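Structure first, commentary second.
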Amino acid sequence: MMTFEKMYSMGHEEVVFFQDKTCGLKAIIAIHDTTLGPALGGTRMWPYASEEEALIDVLRLSRGMTYKASVAGLNLGGGKAVIIGDPKKDKSEALFRAFGRLVESLNGRYITAEDVNISVDDIDHIFTETNFVTGVALHHGGSGNPAPYTALGVFRGIEASCAKVYGNRSVKGRTVAIQGVGSVGFELSKLLHEAGASIVFTDISEKGIERMKEAIPSAKFVSGQEIFTTTADIYSPCALGASINDETIGMLKCKIVAGAANNQLKEDRHGQMLKERGILYAPDYLINAGGLMNVSIEFEGWSDTKSKRMVDTIFDTTLKVFNISDEQGIPVNKAADVLAEKRLESLRNIKSNYLGRSNTHRMPGQKRRF
Ligand code: NAD
C-alpha cells in the first residue's frame with residue numbers, strides 16, 4: 001500500500017506509526033482533518049491480520065470522525081487510533097501507558113477515547129500519561145463509558161427512521177434485529193425493549209449472549225447468518241463495519257438499517273443499492289455520534305443532562321439528512337456527506353482568511369488562545 005498516496009486521496013493530515021518493544025505496543029494514530037478543532041476519536045484494539053488491514057481501518061475510521069463531528073455540530077476534527085494486538089492476551093498497564101505517552105507527544109492535535117475493546121480501565125492508564133483523553137472514569141472527573149450515550153443517539157436515529165417510514169416515531173411493536181450486543185448493542189437493546197420493541201439478536205461472544213438472555217429474556221437469539229434474513233422492521237448493525245455489502249443487501253428483509261457500527265456500508269455504492277431496494281439507511285456516523293457528543297463536553301464540565309440534551313438533537317439532524325436525500329435525489333449516506341462537507345468547507349474558507357492561526361492545540365471548550 002502506498003501510504004502517502006492513500007493519505008492524499010483520503011485527505012489525511014498526519015499518520016503516526018509507533019512501537020514499543022518493552023510492552024509489545026504497535027499503534028497507528030491517524031489525524032484526518034483539524035479544520036473544526038483538535039482531532040478526537042477513540043482507540044480500537046484488534047488482532048489485525050496485517051499491518052495494511054490496520055492502516056486501512058484507521059484511515060477510514062478517522063475520516064469518518066471528521067464527518068461525524070461536522071454533522072454533529074462539534075468543534076472537533078477527525079482522528080482515530082488502532083492498537084494491533086489481541087485484547088484477550090496483550091493488554092497491560094505498560095502498554096496503555098506507552099500509548100498514553102504517544103498521545104501526549106502529539107500535544108493535543110489528537111485526543112483519544114474508548115472504541116472497540118478499550119474499556120474505561122484502559123483509559124485510566126492512558127490518563128496517567130496524558131490529559132488528551134476523554135471517556136475518563138466518572139470518579140476521575142470524566143464522563144465514564146460513552147456507550148449508553150451512543151446507544152441513545154442510535155435510538156433517536158431509529159425513531160427518526162420510523163417517523164420517515166411509518167409516519168410515527170414510536171418503536172412500540174416494531175422488531176429490531178441487532179448484530180452485536182456489546183457495549184452499545186446491549187444498551188440499545190435495553191432502550192428498545194423499554195420502549196416496547198421486540199428484539200432479535202446475534203453475537204459471537206458467549207458472555208454477551210448470556211448477558212442479553214438474562215437482561216431481556218424475550219429477546220430471540222439467531223445465528224450470524226440468520227440476522228440478515230430475519231423478518232424485521234429494522235436491522236441494526238452494532239458489531240464491526242462492512243456488514244452491508246453485495247452479499248447481505250439481497251438477504252435483508254427490513255425497511256430500515258440503523259445501527260451503531262462505524263463504516264456499515266462496505267463501499268459507498270451500497271448506499272445506492274439500499275435505496276434501490278427501498279430500504280431506508282440512517283447513516284452510521286450521523287446516528288452513532290452520541291458518544292462523541294458526550295465526551296466532547298468533558299473538558300468544559302460534563303453533566304448527564306447536558307449530554308442527553310445534545311444527543312437528542314440526533315433525531316432532528318437525521319430527519320434533516322433524509323430531507324436532503326429526497327430533495328437532491330441522492331442516497332442518504334451521500335446526503336449526510338453533503339451536510340458535513342458544507343460546514344467543513346465554510347470553515348476552511350474562514351481558516352484560510354486567518355493564515356497562521358492554529359486551533360489545534362486548544363482543548364474543546366477552552367477559550368481561544370489568541
Ligand atoms: P463492543 O466490542 O463492546 O461490542 C461489539 C460486539 O459485537 C461484541 O459483543 C462482539 O462479540 C460482537 N461481534 C463482533 N463481531 C461480530 C459478528 N461477526 N457477529 C456478531 N457479533 C459480533 O463494541 P461497542 O463499543 O459496542 O461498539 C460497537 C460498534 O459501534 C463498533 O463498530 C464501534 O466502532 C461503534 N461505535 C461505538 C461507540 C461507543 O461509544 N462505544 C461509539 C460510536 C461507534
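Fair warning: this is a prediction, and the values are worked out from it, not measured in the lab. Order of listing sets the numbers, starting from 1, for every ligand and every atom in it.
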If every non-hydrogen atom of V120 is compared with every non-hydrogen atom of G135, which pair is closest and at what distance?
CG1-O, 4.1 Å
Answer yes if the side chains of N168 and S170 hold a donor-acceptor pair under 3.5 Å, and no otherwise.
no
Going by the rule side-chain contact (heavy atoms from CB on, under 4.5 Å), which residues pair with A242 if we only count those two or more places apart in sequence or in a different chain?
K266
Quick one: name the residues clustered hydrophobically with V200, using the 4.5 Å side-chain heavy-atom rule over I, L, V, M, F, W, Y, and just say none if it's on its own.
V222, I227, F228, Y235, I244, I249, M251, L252, V257, L265, M273, L274, I279, Y281
Those residues that, when tested against D304, pass salt bridge (charged side-chain N to carboxylate O under 4.0 Å, His left out) (two or more places apart)
K308
One pair per line, please: each N/O atom of ligand 1 matched with every protein N/O atom under 3.5 Å away, atom names first, then the distance to 0.1 Å.
| unit_1 | atom_1 | unit_2 | atom_2 | d |
| --- | --- | --- | --- | --- |
| ligand 1 | 3 (O) | S183 | N | 2.9 |
| ligand 1 | 3 (O) | S183 | OG | 2.9 |
| ligand 1 | 9 (O) | G182 | N | 3.4 |
| ligand 1 | 9 (O) | D203 | OD1 | 3.3 |
| ligand 1 | 9 (O) | D203 | OD2 | 2.7 |
| ligand 1 | 11 (O) | D203 | OD1 | 2.6 |
| ligand 1 | 26 (O) | S183 | N | 3.2 |
| ligand 1 | 26 (O) | V184 | N | 2.9 |
| ligand 1 | 30 (O) | A260 | O | 3.3 |
| ligand 1 | 32 (O) | A239 | O | 2.7 |
| ligand 1 | 32 (O) | N262 | N | 3.4 |
| ligand 1 | 34 (O) | R44 | NH2 | 2.7 |
| ligand 1 | 34 (O) | D115 | OD1 | 3.1 |
| ligand 1 | 34 (O) | N262 | ND2 | 2.8 |
| ligand 1 | 40 (O) | T150 | OG1 | 2.7 |

Please check if the side chain of T134 supplies one atom and the backbone of V295 the other of a donor-acceptor pair under 3.5 Å.
no
